[in-house]
Amino acid sequence: MTSIDLLIRTEPAAACTPDLAQGPWTFDAVPGYGPGSSMGDVIPVGSPRQGELPQAYRDASTEELHDRIRAAKAALGSRVVVLGHFYQRDEIVQHADFLGDSFQLANAAQTVPDAEAIVFCGVHFMAETADILAREGQSVILPNLAAGCSMADMADIDSVEECWAQLEALYGTAPDADGRVPVIPVTYMNSSAALKAFCGRHGGVVCTSSNAETVLEEAFARGQRVLFFPDQHLGRNTAKKMGVPTSRMPMWNPRTALGGSSADELLDAQVVLWHGFCSVHKRFSVDQIEKARAEHPGVRVIVHPECPMAVVDAADEAGSTDYIRKAVAAATEPTTFAIGTEINMVNRLAAEFPQHTIFCLDPVVCPCSTMYRIHPGYLAWVLEELVAGRVVNRIRVDEQVAADARVALDRMLALRPRGA
Ligand code: 13P
Ligand code: SF4
């Protein structure tokens, strides 16, 4: 059964749009992000666009595509490695050499120096990160260039530079008596390479949802406050868990004077939160949790920290995709889990752990519309092109940007997730 079959079949859920049953190539030529929860989001001008997938791949049956992928991988052997994020559809996951969350995949990209090509089945910022961490001469390939991330688009380098100039004017640049600088920039992994480079240049660091707490702890030791972008929810949920009151987390709305906060609020801030969010995770609500608790007494509710604060507070636990996976795998007694994260991952957990009852908190199942863009048709195409000696859809980060971004990524990789 394909993941789209699972989406359409899931009861009592309704797929958010019947368009999901179509091949993603239908949407490569349209301006938005296509079907799914972020279809209203606009792809920024200048983002890479996917060209037309050759007809043969669009016409091929799923079985034929699987055979072609397997044959191409066998022909390439250790010359290629396929990385897959947990949100990928099952038809892709079965071909991944490594499956993981953003932190694990960033690490994995570094552990395959012999591979000539890394095929990244995830989204654009993940492939950029792999290119930054890859060894010289390795090519990183994103099977569908339209696989972006609407949250990552919410912070662009110009807006962040403008914010930084305003904050420097307000805070100055001198350290306090304890040697702590006025502000440390922290970017979530879900951001462009340009923002990671910005952090590298300004004493900042990258975090993922699995090591955000460790990163903030280290940043608070070096700085009086943190500018956290682009995901307000991960920033707020993590800082709140560490004891920072929400009153000391003003929001920064880009292209507004002082981000829409007052000078006093910013001077008192411990974390300045960028106004970004994930369109998939903002769908989860406290009402859904209350309904799950009413209908399934004893249910264990686990959500991703990209969910709004009220949802994380109402849940039993919050953690990265790997945290969620490990929590389910570790349950020794049959348990009912209501999960607040992307539907492909929830459906896969439900299939993999039949001793548990596992369902998605949101009854209207919407996949991440950009993870959905990676389909076996594109994977077969990029792999067969490699067999023919051609590299298509290569993601290349400018050398200077990559050098600066590597500084912030190396700091991140040194700050392991708790318990890892
Ligand atoms: P993880 O780092 O938890 O895998 O999350 C990545 C992501 O994009 C979640 O929306
Ligand atoms: Fe971006 Fe949200 Fe999709 Fe993750 S789930 S890739 S944050 S749009």
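Predicted, not measured: the structure shown is a model, and the values here were computed from it. Whatever order the structure lists them in is the order used to number ligands and atoms, beginning at 1.
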Undergrad: Find all atoms of ligand 2 within a distance of less than 4.0 Å from any non-hydrogen atom belonging to C368, and give their numbers and elements.
TA: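 In order of number, 3 (Fe), 5 (S), 6 (S), 8 (S).
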Undergrad: Side-chain contact, heavy-atom cut-off 4.5 Å: Q50 with N393?
TA: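 SC-SC contact between Q50 and N393 confirmed.
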Undergrad: Using a 3.5 Å cut-off on N/O to N/O, what pairs does ligand 1 make with the protein? A line per pair would be great.
TA:
residue  : atom   : partner : partner atom : Å
ligand 1 : 2 (O)  : S102    : N            : 3.4
ligand 1 : 2 (O)  : S102    : OG           : 2.8
ligand 1 : 2 (O)  : S209    : OG           : 3.3
ligand 1 : 3 (O)  : S209    : OG           : 2.8
ligand 1 : 3 (O)  : H304    : NE2          : 2.9
ligand 1 : 3 (O)  : T321    : N            : 3.0
ligand 1 : 3 (O)  : T321    : OG1          : 3.2
ligand 1 : 4 (O)  : H85     : NE2          : 2.7
ligand 1 : 4 (O)  : S102    : N            : 3.3
ligand 1 : 4 (O)  : T321    : OG1          : 2.7
ligand 1 : 5 (O)  : H304    : NE2          : 3.4
ligand 1 : 8 (O)  : N190    : ND2          : 3.2
ligand 1 : 10 (O) : E306    : OE1          : 2.9
ligand 1 : 10 (O) : E306    : OE2          : 3.0

Undergrad: Is any side-chain N of the basic residue among R348 and D90 closer than 4.0 Å to the acidic one's carboxylate O?
TA: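 Salt bridge present between R348 and D90.
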Undergrad: Return yes when atom CD of E52 has more than 12 non-hydrogen atoms of other residues, nucleotides or ligands closer than 6.0 Å, and no otherwise.
TA: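 No, because the 6.0 Å sphere around CD of E52 holds 12 heavy atoms or fewer from other groups.
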Undergrad: Output the list of atoms in ligand 2 that are nearer than 4.0 Å to some heavy atom of Y87, sorted by atom number.
TA: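 In order of number, 5 (S).
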Undergrad: Does the side chain of Y323 reach to within under 4.5 Å of the side chain of H304, using non-hydrogen atoms?
TA: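 In short, these two side chains do not touch, never coming nearer than 4.5 Å.
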Undergrad: Looking only at side chains, do Q88 and N344 share a donor and an acceptor under 3.5 Å apart?
TA: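 Looking only at side-chain atoms, N344 and Q88 do not form any donor-acceptor pair under 3.5 Å.
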Undergrad: Among R411, R201, K196, exactly one meets salt bridge (charged side-chain N to carboxylate O under 4.0 Å, His left out) together with D404. Which residue is that?
TA: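 By the salt bridge (charged side-chain N to carboxylate O under 4.0 Å, His left out) criterion, D404 pairs with just one of R411, R201, K196: R201.
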Undergrad: Give the single entry among C278, C149, G276, S102 that approaches atom 5 (S) of ligand 2 most closely by any heavy atom.
TA: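 The nearest heavy atom belongs to C278.
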Undergrad: Under 4.0 Å between a Lys/Arg side-chain N and an Asp/Glu carboxylate O for K291 and D287?
TA: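 No, K291 and D287 are not salt-bridged.
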Undergrad: Assess E306 for proximity to ligand 2: is some non-hydrogen atom of it under 4.0 Å away?
TA: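 It does, in that a heavy atom of E306 comes within the 4.0 Å cut-off of ligand 2.
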Undergrad: Does the ring-ring contact (aromatic ring centres under 6.0 Å, His included) test come out yes or no for F229 and W252, once each step is laid out?
TA: CA-CA 9 Å; F229 42 84; W252 188 279; over 10 Å; no
